[in-house]
Amino acid sequence: MPVIYLDKHRPLTEKQKKMAEVALSNEINDVMANLEIMEEEMDRTSVFGELNLREVALKYLGQKVKRNPDGSVDEKVLQHVYRWYFREE
């Protein structure tokens with residue numbers, strides 16, 4: 001008989017949500033800062049000088065990070081982020 005693990009569908013506590021929000025914010029800030037550095041280097045090239053990586057990343061974030069009508073991050077996104085950074089063994 002198969003075993004179903006319900007932990008993946010368990011709602012996050014308020015503390016876990018806050019931890020996931022901070023981790024998500026840190027991840028986005030780190031990546032955007034790295035992209036800015038890459039863009040500065042690419043500006044020194046003849047072919048890639050006009051490629052705006054941050055714009056591409058922001059468009060992707062708009063598709064990937066779903067938000068609620070009140071502007072907060074969707075619970076499923078927070079669950080994914082929380083489980084990515086704070087794996088529970």
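On a predicted model such as this, the values are computed, not experimentally measured, just so you know.
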Donor-acceptor contact below 3.5 Å, side chain [X] vs main chain [Y]:
X	Y	value
R67	G71	yes
Q16	T13	yes
D74	K76	yes

Using the rule that two of Ile, Leu, Val, Met, Phe, Trp, Tyr join whenever any of their side-chain heavy atoms come within less than 4.5 Å, decide whether [X] and [Y] are in one cluster.
X	Y	answer
I28	L53	yes
V47	M42	yes
V22	V77	no
Y85	L12	yes
V56	V65	no

With rounding to the nearest 0.5 angstrom, report the [atom1] to [atom2] distance, [X] to [Y].
X	Y	atom1	atom2	answer
L78	K18	CG	NZ	10.5 Å
K17	S72	NZ	OG	8.0 Å
Q63	L58	CD	CG	11.5 Å
E50	N52	CD	CG	10.5 Å
E27	L61	CD	CG	8.5 Å
E14	M19	CD	CE	13.5 Å

How close do [X] and [Y] get, counting heavy atoms only, and between which atoms?
X	Y	answer
R10	R83	O-NH2, 3.3 Å
V81	A20	CG1-O, 3.5 Å
Q79	P11	NE2-CA, 3.8 Å

Over 12 non-hydrogen atoms of neighbours within 6.0 angstrom of CE in M38:
no
If you count the non-hydrogen atoms of other residues, nucleotides and ligands that lie under 6.0 Å from CD in E75, is the total more than 12?
yes
Do M32 and L35 make a side-chain contact, defined as non-hydrogen atoms from C-beta onward lying under 4.5 Å apart?
yes
